[in-house]
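In what follows, every heavy atom counts, from backbone to side chain, and hydrogens, waters and symmetry copies are set aside.
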Amino acid sequence: MGCDGGTIPKRHELVKGPKKVEKVDKDAELVAQWNYCTLSQEILRRPIVACELGRLYNKDAVIEFLLDKSAEKALGKAASHIKSIKNVTELKLSDNPAWEGDKGNTKGDKHDDLQRARFICPVVGLEMNGRHRFCFLRCCGCVFSERALKEIKAEVCHTCGAAFQEDDVIVLNGTKEDVDVLKTRMEERRLRAKLEKKPQGHQKLRQGSLKKPALILERRKPTWLPKAQQQ
């Protein structure tokens, strides 16, 4: 009944491996979401922007994507909803004093510190590492932890004082449910903006159509007016 070595494996020994792998994968996903650009997969560097779905990008990567929307780009789907630079917001992030990235060691080499978060919440000091929910305001780009927004309820930004509404609050790297809500809001915003532009277009068209008959009459006057005078 035993194995080749004469021992019977216990249940915890059989399931121990997969649990470790799952934890490593989850940690790696958190590191990727909060430290690397969604488009270029390069380390996030200022200026950092976020889209209406709460994903993080290097601003230069977004500009490059908009200038060259190649169908061959595998990661282009992650930014297919970004139609112009107006669809992203440049973030105002608060540096974490405990972060040691970009600091040279005794040999003069530099490294990226992924053990600590590079940025923190300026209100309650939580690290922006994926273990706490963070948001940014579309109206000004300031970034806070969700806890700060809940504990200190206000209708103006805690940092710059800009007024904001619920629609301006975007969850960064949220759950699938968060993204679904943000996507619905994004589509509604864009539809409203499109409808607001339409009346102006119709008005210009109507004004242009009223001018046309007058122009036509003016053009016709020289052809029949002299004949009327001869009679």
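Ion pairing between E127 and R116 holds under the 4.0 Å rule for side-chain N and carboxylate O.
Contact annotation: the side chain of T159 never approaches that of K92 to less than 4.5 Å [non-hydrogen atoms, C-beta and beyond]. Considering only heavy atoms from C-beta on, K150 stays 4.5 Å or farther from R133 through its side chain. M128 has its side chain out of reach of H132: every pair of non-hydrogen atoms, C-beta onward, lies at least 4.5 Å apart. Residues E146 and V169 have side chains not in contact (no heavy-atom distance under 4.5 Å, counting atoms from C-beta outward).
Taking hydrophobic clusters as Ile, Leu, Val, Met, Phe, Trp and Tyr residues chained together by side-chain heavy-atom distances below 4.5 Å, V88 shares a cluster with L67. In the hydrophobic cluster analysis, where Ile, Leu, Val, Met, Phe, Trp and Tyr join through side-chain heavy atoms closer than 4.5 angstrom, F65 is grouped together with I85. V31 and L93 fall into different hydrophobic clusters, where Ile, Leu, Val, Met, Phe, Trp and Tyr side chains are chained together by heavy-atom contacts under 4.5 Å. By the criterion of side-chain heavy atoms lying less than 4.5 angstrom apart, applied directly or through intervening Ile, Leu, Val, Met, Phe, Trp or Tyr residues, I48 is grouped together with F134 in one hydrophobic cluster. By the rule that hydrophobic residues join a cluster once side-chain heavy atoms approach within less than 4.5 Å of another member, V181 and M186 end up as members of separate clusters.
For the pair N173 (side chain) and Q33 (backbone), a donor-acceptor distance under 3.5 Å is present. R118 places a side-chain N or O within donor-acceptor distance of the main-chain N or O of L44, the cut-off being under 3.5 Å. Judged by distance alone, with hydrogens and angles left aside, the side-chain atoms of N58 form a donor-acceptor pair with the main-chain N or O of R45 at under 3.5 Å.
A pairwise comparison of heavy atoms in G141 and T89 identifies CA-CG2, 3.7 Å as the closest pair. For A148 against C121, the heavy-atom pair with the smallest separation is CB-SG, 3.8 Å. The two residues Y36 and Q41 make their nearest non-hydrogen contact at CD2-O, 3.4 Å.
Considering CG of N87 and CD of E52, their distance stands at 5.5 Å, rounded to 0.5 Å. One finds the SG atom of C51 at 9.0 Å from the CG atom of L172 (value rounded to the nearest 0.5 Å). Interatomic distance, C37 SG to E42 CD, rounded to the nearest 0.5 Å: 7.5 Å. The line from CG of N129 to CZ of F119 is 12.5 Å long, rounded to the nearest 0.5 Å. The structure places CG of L126 at 5.0 Å from OG of S145, a figure rounded to the nearest 0.5 Å. Rounded to the nearest 0.5 angstrom, L56 CG and L39 CG are separated by 11.5 Å.
For Q165, there are no side chain to side chain donor-acceptor pair (under 3.5 Å) partners, not counting sequence neighbours. With sequence neighbours excluded, no residue forms a salt bridge (Lys or Arg N to Asp or Glu O under 4.0 Å) with E155. For D167, the salt bridge (Lys or Arg N to Asp or Glu O under 4.0 Å) partners are R138, R189, not counting sequence neighbours. With sequence neighbours left out, K153 forms a salt bridge (Lys or Arg N to Asp or Glu O under 4.0 Å) with no residue at all. Listed by chain and residue number, K59 satisfy the side chain to side chain donor-acceptor pair (under 3.5 Å) test with E90 (two or more places apart in sequence, or in another chain).
Of the listed residues (I120, L91, I170, L137), just one forms a side chain to side chain contact (heavy atoms under 4.5 Å, CB included) with V143, and that residue is L91.
Sorted by first and then second residue, the ring pair (Phe, Tyr, Trp, His ring centres under 6.0 Å) pairs with a member in residues 139-186 read F144-H158; sequence neighbours excluded.
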